[in-house]
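Take a look at this one; I'll ask things after.
The structure presented is a predicted model; accordingly, all values stated were derived computationally and were not measured. Reminder, nothing fancy here: chain letters follow the sequence lines and each chain counts from 1.
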Amino acid sequence: MIKITEKPIDVQKVIDTATSLGAGAVNVFIGTVRNTAHGKNVLWLEYEAYESMAVAEIRKIIDEASHRWPLLGWAVSHRVGTLKPTEVSVVVAVSAPHRRESFEACQFIIDSLKAKVPIWKKEVFEDGEEWVSARPEGVSATYN
Amino acid sequence: MIKITEKPIDVQKVIDTATSLGAGAVNVFIGTVRNTAHGKNVLWLEYEAYESMAVAEIRKIIDEASHRWPLLGWAVSHRVGTLKPTEVSVVVAVSAPHRRESFEACQFIIDSLKAKVPIWKKEVFEDGEEWVSARPEGVSATYN
Amino acid sequence: MMKTLKIKAFGITRDILGGREVELQLNESGTVGDLRSQLSSTYPEVLQLKSLFIAVNNEYADDHVVLNDTDEIALIPPVSGG
Amino acid sequence: MMKTLKIKAFGITRDILGGREVELQLNESGTVGDLRSQLSSTYPEVLQLKSLFIAVNNEYADDHVVLNDTDEIALIPPVSGG
């Protein structure tokens, strides 16, 4: 299951989707919105996705992970829209026969997702907002 | 939270307990009962714990993990009693500021738990039963 | 002959281009690299980005790829999902 | 003088000793190592185990530790939780 959704993510449902009968190990990564960034309070985040391409890129990542580890099940769900601190932005769950494989595959998927999948977040502070990682360090990035 | 319980584990509750407001990353490991072992069908598993010592050993593991990684929250729940295939035997959840720390700490905790914590499982097959890993390979281990 | 391309813009490029989708004119033989040059001269702020990839039909595309007016073209500034 | 020790047995050692808790007599100065020797002669099957640790008051104990009849003593065969 690959899902890009505006609705809150049901973590248990993602886990259930990834869990296979023959699996002994399930690893789950949950990304949540932090309440601070650059030492400032985060009011909320705006996530947006290029949805068709995001789904295609996640599928490529899953294909590569399935090639490298004996995955028995997997599920990836990413939220878009407005998210407040503590809300869940992403859930990756994989199941495998043994725990090491489940850890390695899950970490590979979230690392690759963050590096390659066309999804963007904007941090909104009291005094401005900023597209995360868009500009090099040192270039003024917060504007009103 | 450290819990040794005969009741089914509520995974979402373990995750919620481990999730901290300041965390950006939660990693969760879920161990489930596999339906085969040594190529034979597993009917059920019997788990037992030396409960007071198990809780003390898990606490030591958590203390060491908290020393090595900036954990913001954690929870460990282990089931005992009779478990059928696909049932959840153990859940470890940790939250941390960043994802790498959450993966490393969670894997350290489950690896240490499996190596040190006084909990035992017996696999029950159609033709016998076996305390897992109790005897060296080659020594007949299944008996009726 | 010129061709008219519809360009989807996401994240910070949507702010820079002032819209979710803009139209640009390119020579008939225009490539991803040509589009990149034209964007840089029309919207110099894109030069300040850490990176800018261009996707054609949901795939990251190299600069030498020739664009067609039926292609789905998108600007991919540095991603920050997760 | 002898002392009477209550020994908790878990996992496969519960099957070998035939109960969740057994009593054993040991010399007044008896240690964890002495208990180990006595177990091995009384229940030779414990020698077939991959390992056997002995816990005293919820801590893994070395063979030189002297046992008291007020101690909580437990046999820890190879663990297999998770």
Side-chain angles (χ1 to χ4, degrees), chain A residues 4 29-34 37 45-61 76-80 83 88-92 106-107 109-123 128-144, chain C residues 5-24 31-33 35-37 39-82:
Chain A
I4 310 282
F29 177 81
I30 303 166
T32 56
V33 176
R34 298 174 68 183
L45 295 190
E46 301 280 350
Y47 277 86
E48 72 175 58
Y50 178 14
E51 189 170 330
S52 58
M53 183 173 169
V55 170
E57 286 293 315
I58 293 171
R59 184 162 293 281
K60 282 185 206 165
I61 293 166
V76 176
S77 192
H78 202 299
R79 182 115 179 257
V80 289
L83 275 79
V88 171
S89 54
V90 63
V91 179
V92 176
C106 189
Q107 188 159 10
I109 292 168
I110 185 65
D111 284 355
S112 303
L113 184 152
K114 282 178 168 265
K116 293 181 194 166
V117 174
I119 299 176
W120 300 268
K121 59 172 168 263
K122 186 168 67 176
E123 289 164 343
E129 54 185 47
E130 174 178 348
W131 286 102
V132 176
S133 302
R135 299 166 197 259
E137 300 292 323
V139 174
S140 172
T142 302
Y143 47 97
N144 280 296
Chain C
L5 304 175
K6 281 183 189 152
I7 316 286
K8 290 178 190 290
F10 293 96
I12 194 169
T13 58
R14 177 164 50 77
D15 292 350
I16 294 171
L17 272 65
R20 210 168 259 290
E21 192 162 298
V22 301
E23 290 196 352
L24 281 177
T31 63
V32 166
L35 171 59
R36 191 185 289 282
S37 306
L39 283 168
S40 303
S41 55
T42 315
Y43 306 99
E45 223 185 325
V46 301
L47 293 168
Q48 291 176 16
L49 299 178
K50 244 189 216 170
S51 67
L52 180 66
F53 289 97
I54 291 169
V56 179
N57 301 324
N58 291 315
E59 300 266 359
Y60 288 106
D62 290 336
D63 275 3
H64 62 78
V65 169
V66 175
L67 294 167
N68 295 306
D69 53 13
T70 53
D71 287 333
E72 183 171 313
I73 303 164
L75 305 187
I76 314 285
V79 301
S80 54

Tell me, out of A:Ser89, A:Ser133, A:Ala54, A:Gly31, who's got the most heavy-atom pairs with chain C below 4.5 Å.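 Result: the option with the highest number of such pairs is A:Ser133.
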Segment of C:Phe53 engaging chain A (4.5 angstrom heavy-atom cut-off): neither
Mind checking whether C:Leu17 and C:Leu39 have side chains closer than 4.5 Å, heavy atoms only?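 Yes, close enough: below the 4.5 Å cut-off.
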Could you pull out all residues at least two apart from C:Phe10 that satisfy ring pair (Phe, Tyr, Trp, His ring centres under 6.0 Å)?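 Listed in chain order: A:Tyr50, A:Trp120.
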Donor-acceptor check, side chain of A:Arg79 to backbone of A:Tyr47, threshold 3.5 angstrom: yes or no?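 No, the answer is negative, given that no donor and acceptor are paired below the 3.5 Å cut-off.
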Just by modelled atom types, is the C:Gly82 backbone N or O under 3.5 Å from a matching donor or acceptor in the A:His78 side chain? yes
Region of A:Ala49 that comes under 4.5 Å of a non-hydrogen atom in chain C: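 Backbone only.
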Sorted by chain and number, sequence neighbours left out, side chain to side chain donor-acceptor pair (under 3.5 Å) with A:Ser52 holds for C:Asn58
Quick check on A:Val117 against chain C: is it the side chain, the backbone, both or neither that has a heavy atom closer than 4.5 Å? backbone
Highest number of heavy-atom pairs under 4.5 Å with chain C: which of A:Ala56, A:Pro118, A:Ala134, A:Ala115?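 Of A:Ala56, A:Pro118, A:Ala134, A:Ala115, A:Ala134 has the most heavy-atom pairs under 4.5 Å with chain C.
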Heavy-atom distances under 4.5 Å only: say whether A:Glu46 touches chain C with side chain, backbone, both or neither.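 Neither part.
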